[in-house]
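To keep things clear, I will list the structure first and then write my remarks on it.
Residue numbers start from 1 in every chain, and the chains themselves are labelled A, B, ... in the order their sequence lines are given, proteins ahead of strands.
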Amino acid sequence: MKMIGMGCDIGTSATKIVIMKDGTVAGYGVTLTKDKPDQAIEKFINKVLSNTGISLSDIKYCGSTGWGTKFLSLDHSEESLIKCLSKGAHWTVPTARTVIDAGGLSSTAISVNEKGKPMEYRLNDKCASGSGRFLEMVAEALELKIEEIGPLSLSAKERVHMTSQCAVFGESEVIAHVNAGREVADIVAGVTYSVGLGLSTLVKRLGVQRDCVMTGGVAKNVAVVKALEESIGVEVKITYFDSQIVGAIGAALCAQARLKV
Amino acid sequence: MKEGKERELLNTWKTTMDLAKFVLGYEDLTSLDQWGGREAVREILPDEFRENFDMIQPDLMDTILQPKNRRVALAYSDSLSEYIEFVNRKLDERKKVAYYYFPMSTEIMLALDMLPICYELLGGISAAQYIHGCEDGIDRIQSEGYPDHLCASQKATSGYLLMGIVPKPDVLLKQAWGCDPSNRMYEWASVTFDAPLITFEMPYYYNERAFRFLVGTVKRMIEQLEKISGNSLDEEKLREWVKIGNQATEYLLKIQELRKEVPCPDPAWHRPIDTAYSLLIGRPEAASYFKAVYEDAKKRVEKGESIIPEGKKEIRCAWGWAWNAYSLPFFNWLEEEHGATYLECSLTYFPPFTGLVDTTSLDTMIEGLAWRWFCWPMNRQSMSFSDIWVNDFVRICKEFKADCLMLGGHMACKHFWALNKLLSDAVKEEVGIPTLRFEQDIYDRRFTPVSELKRIMNTFFAML
Amino acid sequence: MGALEELLKLPARLDNPYVKEWRENVGYVIGYVCTYVPEEIIFAAGMLPYRVEARGCNTTELADVYFHRFNCTYPRCILQLGLSGDYDFLDGFCLLNGCEQIRRMYEIWSKYVKTKFLAMVTVPHTITEEGYKWYRDEILNFKESLKGYFAAKLTDDDLRKTIKVYNESRRLIARLYDLRKSEKPPISGTDAFKLITAAFWMPRDKYNHLLKGALDEISQREGVSNYRARVMIGGSACDDPSFIELVEGRGGLVVTDSLCFGSRHFFNSVKEESDPLEAIAKRYYHHNPCPRMLKEYGNRLQFTEKLAKEAKVDGIIIQRISFCDNHGVDSPMLAKDLEAKGIPVLVLEKEYMLSDIGRLKTRIEAFLERIEER
């Protein structure tokens, strides 16, 4: 059955659109959430659709989640982010029982059951350190591209020790290390290590159960993933599809489930 | 209206109570919109109420006008008015003002003809009623260099004392158990206002030995209070007050049993008020308030009426820390929006073995009062090893058939935060229900605004 | 290595040769927190008392699973070390209901850190006659359970001998404080702190011997004279000299303190009277208290002022750890009253571990500028 649908995850940092067709991801796009979200989102949806060769009228269902859902003018069902992350992660990795989402501004650890239903979760949304935005800040301060942070960290000889528990002080600490002449690789290694450690604390507060799956933009950072893995002592799986679109996949799945009823 | 800057806060409350009773007097009025909205209602009000009306949280008015909430709202207003009148009378008579820490009742102070004022009550009522809450008091004490991580329940009153808008203490009474923030603020108040600080405590264990120690310190407290008040503790007088205190306690314990019914018949927004009146146990106002709450809930059970809207499934919540005082409408919203009822919390739960005070003799009464304070909510959970808190809540979750555990931890309650995982782990293991953990400040809305609270709740209930 | 050098360079925990040696050849090591735990009882039972510290702890990710961001970093760091296995060398751990946060460590430690013997000694929050009796019974119970659990011998004579040893340390340490009162103190505050705190982490009789030698060495010295101002340190639990080092790095000279790892632990001797347990109980119950004790503010103010005047201090720096309620309220109260008496005070908020050094340096610098003109 050629069921075609859309999932949207409109976060404060990034907007993710996914087109689902025949039970798989037919196309997707990730872009920065802009100032005039409603117009920008519509434009972006059209772009993703045209890349996929699917037209808007083909879309039979649409689920949306995230902060910016209110800006979506297209007919859609509003879905809870926790549910979307759970369902999306479980769909991509059916053995997932702990989902760790590390996004732009916040991180969430969710325990899911064998059906992908969320059972409990812990949030870290009061603090920016350990978020994607913090890593972007550090990249900018060091004049690096965000994609370079991970691999560069892995090449470090002597990881710098980051003491700051706070993103604001963290940035000034990074600059202090630069002024002290520390190697850039060592500095980013220190940053990614502390981000990974922060995530591991969050997961441990929830309780770790295999398999662990990490989602969100920060999951693309190999050094953070490695630090997290070492700390929780369990392999952290990254989804086959772009880790940032898991929430949007989940939104599509939630919307599709409503159709069957 | 009684003059004097030190009566300013209480006089403001008095006007609010008169206004509430005035509005509640219109039995067909169920929301401000019915009369054209807030502005329109303001125009209709008698002059003396307008300024006060502007200060009151808008959604609070609508909450108390709801048919299911009216009766207790009226009882609250009547009782608080009576208490304020009592305070004014005693101030006129120049009675000694005894500021006391909340986990105790007022009988002994009343029998000694003193004026009992609970330190923590002052900020709480203001937080619940007004748009500006008790922020002025909090900001004032913080501007003196005191840390923001202290408990707002003391910060607010400390600020009010500096501002001079509440009566000065002649003596401070403190249950000196393991709550450092409160201990420190009472010490500050004692030094700053040159008022003696009298303490009583049970040092860390929850057993016979500790209870005996407590009784000893209570007797020492009475000796000191006799000197300060200039009266000796008369057995007959004490008996009168203890009997009134017993009335309130009896209703309170009965209400707790009713909360076990499915659906829970006791609205959530009552809980902060219950705590407020429990610390006034001994006063007739507390007895009449709890009587009203009991009868309200009982009637619902008898008639098979529900506090949650038709068609909503009840989600029974045990609150492992407790409420906040700054938005009573928020707790009402939980029921209306999500069918989420509020069972017990660590600020309302008296274990059933609290019982009543034996009025046979002076000794049985002193011991009985000490026993009640030994069982007091928050006191019981905080003053000893974590087992008590953890076991209490595992039991509450089972007996009250909770669907989830809410841990809205107060930011200043540090020892709670140190045991929070032990609590949620035990509940998950033994009862199999999930926990929602979030931060709030018990009196200061700025820490976690209501919109944020709602967002947190929406996310959690969507998961359930 | 001379006595002075040995004490100054004493490593932490299991790297400490005395602790290692004790474990291998002598007996059990019993950790404890707070100044109310009667060390004499532990030492008299033939065990090494080790005041639990968190020096060198610079990460808290294990403790953060249980503690929250509102919890003070001091018990958090201790818990971190416990969970990391750094305190596996303890055979026993005696906790105290000192402050609200440290007492909760008992529950988490008992569940997740495998220390054989755990005890809790409790102290009421005020100094009264009945409070004394309670405390004395508590330490009696502690003594009995320690004896019982480890099948240890502990007689009143053992206690009397140990009291003598501990009183000797108190006398020697008091001498060290006296030496620092002079215009040219023979030793920096950083080094003095290291000398003093070494007492917590080695057998006391050996310590006394080394300290005597160290005192001889330093009393020969010229003394420090090129300092900007004489400073006293007060405030939250501080087991590490790095903060003092920071102050002295800016040119201040720390000549005395009111810290619980410093003067408040070592002043006040045990009266050598007939019933040694009572004597110990009296001394510990009545010693200079931390602000967790209620109704003792006046005494603390007096104690602080006395120390400041005797050491001719130009100013006091009170460092309070974030979320430490006891010192959080005590410090502005003391600051107000001491300033009114003409003693400048700087209240500085910090974490237990030294971080955010730039801000601390700036504040210290500004304070030294203010007080050096006096």
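Within the structure, every pair that satisfies the salt bridge (charged side-chain N to carboxylate O under 4.0 Å, His left out) test and touches residues 106-115 of chain C, not counting sequence neighbours, is listed here: R104(C)-E107(C). Listed by first and then second residue, the side chain to side chain donor-acceptor pair (under 3.5 Å) pairs involving residues 234-253 of chain C are T190(C)-E248(C), D239(C)-Y352(C), D240(C)-S242(C), R250(C)-E365(C) (not counting sequence neighbours).
Interatomic distance, OG of S355(C) versus NE2 of H161(A), reported as 9.0 Å (0.5 Å rounding).
Checking side-chain atoms of T201(A) against main-chain N and O of E61(C) turns up a donor-acceptor pair under 3.5 Å.
The closest side-chain heavy-atom distance from E173(A) to D356(C) is not below 4.5 Å. K204(A) has its side chain within reach of L62(C): a pair of non-hydrogen atoms, C-beta onward, lies under 4.5 Å apart.
Within a 6.0 Å sphere centred on CD of E143(A), heavy atoms belonging to other residues, nucleotides or ligands number 12 at most. Remark: E140(A) CD is loosely packed, at most 12 non-hydrogen atoms of other residues, nucleotides or ligands lying under 6.0 Å away. For K20(C), the NZ atom sits in a loose shell: 12 or fewer heavy atoms of surrounding residues, nucleotides or ligands are nearer than 6.0 Å.
Residues H68(C) and R205(A) come closest through the heavy atom pair CA-NH2, 3.8 Å.
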